[in-house]
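To keep things clear, I will list the structure first and then write my remarks on it.
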Amino acid sequence: VQLQASGGGLVQAGGSLRLSCAASGRTFSSYAMGWFRQVPGKEREFVAVITSNGRSGDNTYYAGFVKGRFTISRDNGKNTVTLQMNSLKPEDTAIYYCAASRSHISSIYSYSYASVYDFWGQGTQVTVSS
């Protein structure tokens, strides 16, 4: 699977951005799809995950700092996953990565660990100015 993230850019605090991740391959619907972010010098940080229809529907899980500001969704017909980010803050500035996991994990919380993901996109820069 190849992942291509897009949609990053420069936005003022309080603004919105919509990140998209396009996936190749015919098995996209079976993957759990996650978003992570990373600031230079720091570890990659979990943002959100959405599981596939085959696992009790499209369940979602978010990092605590999201606090209702971000929404993850997927379109299996278009092989895309989207992260809608609202009320952005300067501390949201990072490179955002999408990732795909083939694992079947009963606890959605486990998808917050980068180690469960098998494929990663190249990242898209998000910069939020104050």
TODO: Test Phe28 against Val1 for side chain to side chain contact (heavy atoms under 4.5 Å, CB included), laying out the working first.
DONE: CA-CA 8 Å; Phe28 173 79; Val1 172; 6.0 Å; no
How long is the gap from [atom1] on [X] to [atom2] on [Y], to the nearest 0.5 Å?
X: Cys98; Y: Gln4; atom1: SG; atom2: CD; value: 8.0 Å
X: Leu17; Y: Leu10; atom1: CG; atom2: CG; value: 8.5 Å
X: Thr127; Y: Asp92; atom1: OG1; atom2: CG; value: 11.0 Å
X: Met33; Y: Asn79; atom1: CE; atom2: CG; value: 9.0 Å
X: His104; Y: Arg102; atom1: NE2; atom2: CZ; value: 10.0 Å

Work out which heavy atom in [X] is nearest to a heavy atom in [Y]; give both atom names and the distance.
X: Ala32; Y: Val49; result: CB-CG2, 4.4 Å
X: Leu19; Y: Val126; result: CD2-CG2, 4.0 Å
X: Lys89; Y: Val128; result: O-CB, 3.2 Å
X: Asn86; Y: Ser16; result: OD1-OG, 2.9 Å
X: Tyr97; Y: Gln122; result: CE2-O, 3.5 Å
X: Val66; Y: Val47; result: CG2-O, 3.7 Å

Open item on the list: Counting only heavy atoms from other residues, nucleotides and ligands, does the tally under 6.0 Å from CD of Gln2 exceed 12?
Closed with: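 Check fails, neighbour count at 12 or below.
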TODO: Please test Trp35 against Met85 for side chain to side chain contact (heavy atoms under 4.5 Å, CB included), starting from the C-alpha separation and ending with a verdict.
DONE: CA-CA 12 Å; Trp35 285 96; Met85 304 188 296; over 6 Å; no
Task: Row check, Tyr31 ring normal vs Arg74 NZ/CZ: under 6.0 Å, within 45° - done: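 No, Arg74 and Tyr31 do not form such a contact.
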Task: NZ or CZ of Arg37 within 45° of Phe65 ring axis and under 6.0 Å - done: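 Geometry flag: set, cation within 6.0 Å and 45°.
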Open item on the list: Are Thr93 and Val39 packed together at the side-chain level, in the sense that at least one heavy-atom pair is separated by less than 4.5 angstrom?
Closed with: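 They are not in side-chain contact.
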- [ ] Would you confirm whether Tyr111, through its side chain, and Ser103, through its main-chain N or O, come within 3.5 Å as a donor-acceptor pair?
- [x]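 Pair found, side chain donor or acceptor close to backbone of Ser103.
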Open item on the list: For Ser73, is there any backbone N or O sitting under 3.5 Å from a side-chain donor or acceptor partner on Thr82?
Closed with: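 Checking the backbone N and O of Ser73 against the side chain of Thr82, no donor-acceptor pair under 3.5 Å is found.
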- [ ] Please work out whether the ring planes of Tyr61 and Tyr109 are parallel, tilted or perpendicular, with thresholds of 30° and 60°.
- [x]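 It falls in the perpendicular class, over 60°.
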Open item on the list: Under 4.5 Å between side-chain heavy atoms, counting indirect links through other Ile/Leu/Val/Met/Phe/Trp/Tyr residues: same cluster for Phe36 and Ile105 or not?
Closed with: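 Linked within one cluster.
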